[in-house]
There are 2 protein chains.
Amino acid sequence: MARTGQRKPTSFDVAKLAGVSRSAVSRAFTPGANIAPETKDRVTQAAATLGYRVNSLARGLQQDHSGIVGLVASRLDTPLRSRQVRYLSEGLIREGYKPMLITVETPDHITELVDSLLSYNVAGMIFTSDSPPRALIEECGRMGLPVVLVNRAGVSNWGDRVVADNAAAGTLAAETLIELGATSLGCLVPRKETYSVSGRSKEFLKAAERMGVPTEVLHAEDQGYDLARAGVCATDRAVLDRIDGLFCATDLMAIGALDALRHDLGISVPDRIQVLGFDDIEQAAWASYDLSTIRQDVAAQSSTVLRLLVERMEDNTLDKRVENEPLAVILRGTTRQKAVNGR
Amino acid sequence: MARTGQRKPTSFDVAKLAGVSRSAVSRAFTPGANIAPETKDRVTQAAATLGYRVNSLARGLQQDHSGIVGLVASRLDTPLRSRQVRYLSEGLIREGYKPMLITVETPDHITELVDSLLSYNVAGMIFTSDSPPRALIEECGRMGLPVVLVNRAGVSNWGDRVVADNAAAGTLAAETLIELGATSLGCLVPRKETYSVSGRSKEFLKAAERMGVPTEVLHAEDQGYDLARAGVCATDRAVLDRIDGLFCATDLMAIGALDALRHDLGISVPDRIQVLGFDDIEQAAWASYDLSTIRQDVAAQSSTVLRLLVERMEDNTLDKRVENEPLAVILRGTTRQKAVNGR
DNA sequence: TTGAAAGCGCTAACAA
DNA sequence: TTGTTAGCGCTTTCAA
C-alpha cells in the first residue's frame, strides 16, 4: 500500500520492478498461461507492492469480450423481479462476470440502450424485460452474442430461453381451483399484455373451458397491487357473485384482489371466493395474506439461466435451447381444504 | 444456430467509406466537437450503413473513464432497496452512464469485487450496501474516484453522503408515538447492527428517555419480516404488556411485528399497542397492513445521489458534502387518531 | 519458458 | 475545420 494519488501502475511498471517483460506480467494474470511458477511469483509480488490490477478495458479490447454481461430488466422494484435480478447478479459475479444493469419500463429507448451495451463488448445478455424487441435479439444473433431470455416468448430464432410454461401453468391453476371445489372461475387479467402474465391467464381460461367450468374475465389496467385492487373493486357485482374461484397470474395482483375482496367489498375468502396466485413472492407467505399460489422457483430458474449463458459463452455452436422450469402448488389460506375423498 | 459474429466495423471502415480521417469519425461521435455539419452528416451516414458504433472499451481506455458507474447494493430483494436501485439505475442511464451492479450480502469478497470494478475505470461509485469497508472508500479516495454513500456512516474522509438523519428520525418517531398517546414505548432492534437501522433505533430510545417515557427493547435476529415476527413472538409477554407503542426502524420489521401482534399473539393494533414503521415501502400502504410510518422519499433521495455524483464527476475539487433528506410522518391505521386538543 | 513487436479501436495534441 | 501522429494498457503471435 504505497503510492498516494499517483498515476495507476501499468503492466509496464510491474514488469520493470519484477525484471521481466510485459508479456510475462500478462501471463502471470492469465489463468492457465504458460509461465514458470517462480516468474509468476515475482510478478505477483511486484504487482502487490505496486497495487497493480489488470485494466479490464484494455484486456477487453484485446480479447473478444470484456467480461461484462448485460442484464436487461423491467419492473425492478417488484418483489419477483428484484429477487430474480439479485440471484442473477450474484451468480454472474460468482462466475467471474460483471452485470451491467439496464432497467427499462417502456420499450422506447431500449434499442439505443442495448446498443450502448453492445459497445462494451459484452460477453452475453440476459433479458428479463417484459418485451425485448425482436429486432434486438436478432441483432444479438447477427453478432453471435450469447443471449438468454427469461419467461419471454420465442419471438426470435436466436437466444436460449428459460420459461415457466404458460400452458402448464394455466392448466395447473384451473385444475387446482376446480379440485378444491370451485365451480365457476374468474381470472383477473391486466389490460397491458405481457408474455407471461397474459399467456398464463389465457391458458387458464382455456383450460377451465376445456374442463367444462364457466369463466369470467376481470380486468385490471395493469399488473401491480393498486390496479389489481381497483380492477376488482370496479368489477360488476354480478360477476363477482357468479364466481367462487379467482386466479390471478401474479401474486401481486392476487394480493391486490384479496384486499379488494376482503377490505373493500367485504367478500369472504376463501369461504365465498377462493383465490389463487402465481409466483410465490415473499409477501404471499405473510400472515395477513397467506396466499395460495403456484410457485416459480426463482433460485432454480436463475441457476438455469446462468448455466445456459455460461455454456454458450464457452461454446457458441450449441443448438438453441428452451428449458422449462417446474411449478409447485403451494396451498395456504386463500383456498379451502381439499375434500378428503375427491368429489 | 451456430453463427460466429462478423467482424465489427471500426472507425477506420467508417472513415474510409465517408472519405474522411478517423479523427473526423471520432469527432462526429463526440458531442460538442469541432466538426463541420456536413462532414458529420457524411460520417453519420457511413456509420449507419455500416452499423458502426463507437467501442466504449477503446474510448474508455483513451479517456480517463469508461462511463461505467459502480452500484454496490445489498439486500437487493428488499422492497426499499429494489426501489432505490431502480431509481438509481434509471437515473444513471438517463445521465448517459451505465450502472455496473455489485450485489453483496456479506462483506467477504467486497474488496475484491470493488477492486474488479475499479479495473473497468469506472467514473464513480454509489454505495448502498450496508457496510462498505472503510478501507475501500479510502482507496477510492486515493484514486480520486467520485463516491456517494447512501445512508451510510461517514466512516471515511472521502465520499459525499446522502442520509436520512438518524437522530432526527429517532426523535420524530418518539415524538409521534407520544403525541398520539403512547406512554410506554418499545423498539424492535435487530441484533445484526446496521448503520441506519441500529442508528435510528438507538436515537429513538434516547429521545424517548429524554422525554421521560419508559422504554423497552425487543430483539430480532436480523431485519426482515420473518425474523421480526419471530422476535416479537419470542418477546417476554410482560414486556409486551407494559408497552403501548412500538417503533420498528424498518417497515419490513414493522409488518412482521404487526403480523406477530395480531395473528400470532392476538394483540390488538392500534388499540392495545400502536405501531410505527419507517421507510414507507409499498407494502405499508396495502390494506391489510395500513401501516403508519415515517417516509423516506426514495425518489428524491436518488435524485440527490445522482446530482452529487454527477457534480463531482464533473468537478472533483468540490468539498465533501452531506445532504439530509427530509422525513415525513404518514399516519395510517396502526396508530390512533390524534386527540383533537393537545393531549 | 521467455521477450520483441504488432496490434485491439479509439481520442487528443499538434500541424496544416 | 481537418488530417497526422502518438499513444491508452493490454494480449498475442512469433522467434529465440
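Chain naming here is simple, since letters A, B, ... match the order of the sequence lines and numbering starts at 1 in each.
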Phosphate-side-chain proximity, [X] and [N], N/O vs OP1/OP2 below 4.0 Å:
X        : N       : value
Asn34(B) : dT1(D)  : yes
Gln62(A) : dG7(C)  : no
Ser26(A) : dT11(D) : yes
Ser11(B) : dC10(C) : yes

How would you label the contact of [X] with the nucleic acid (heavy atoms, under 4.0 Å): base, sugar-phosphate, or nothing?
X        : value
Ser23(B) : base
Tyr52(A) : sugar-phosphate
Val20(B) : sugar-phosphate
Val25(A) : nothing

Establish whether the base of dG3(D) is bridged to the side chain of Arg27(B) by a donor-acceptor pair shorter than 3.5 Å.
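Donor-acceptor pair under 3.5 Å: yes.
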Starting from [atom2] on [N], measure out to [atom1] on [X] and report it in whole angstrom.
X        : N       : atom1 : atom2 : result
Asn55(B) : dC8(D)  : CG    : P     : 18 Å
Asp13(A) : dC8(D)  : CG    : P     : 11 Å
Arg59(A) : dG9(C)  : CZ    : C1'   : 18 Å
Asp64(A) : dG9(C)  : CG    : P     : 11 Å
Phe12(B) : dG7(C)  : CZ    : C1'   : 13 Å
Arg22(B) : dC8(D)  : CZ    : C1'   : 13 Å
Asp41(A) : dT1(C)  : CG    : P     : 14 Å
Leu57(B) : dT11(C) : CG    : P     : 12 Å

Between OH of Tyr120(B) and OG of Ser56(A), what distance do you get to the nearest 0.5 Å?
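Separation between the atoms: 4.0 Å.
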Could you tell me the separation between the CD atom of Glu112(B) and the CD1 atom of Ile93(A), rounded to the nearest 0.5 Å?
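The distance works out to 10.5 Å.
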Under the side chain to side chain contact (heavy atoms under 4.5 Å, CB included) criterion, do Leu92(B) and Ile126(B) qualify, and how do the steps go?
CA-CA 10 Å; Leu92(B) 248 15; Ile126(B) 299 175; 4.1 Å; yes
5'-most by nearest nucleotide on DNA chain D - Leu61(B) or Ser21(B)
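Residue closer to the 5' terminus by nearest nucleotide: Ser21(B).
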From C-beta outward on Thr39(B), which listed nucleotide comes closest to its side chain: dG9(D), dT1(D), dT2(C)?
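Nucleotide nearest to Thr39(B)'s side chain: dT1(D).
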Stepwise side chain to side chain contact (heavy atoms under 4.5 Å, CB included) check, Arg75(A) with Arg86(B):
CA-CA 8 Å; Arg75(A) 302 181 203 261; Arg86(B) 175 190 157 172; over 6 Å; no
Residue mapping more 5' on DNA chain C - nearest nucleotide basis, Pro37(A) or Ala58(A):
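Counting from the 5' end, the first nearest nucleotide belongs to Pro37(A).
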Donor-acceptor side-chain pairing of Glu325(B) and Thr304(B) below 3.5 angstrom
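The criterion, which ignores hydrogens and geometry beyond distance, is satisfied for Thr304(B) and Glu325(B).
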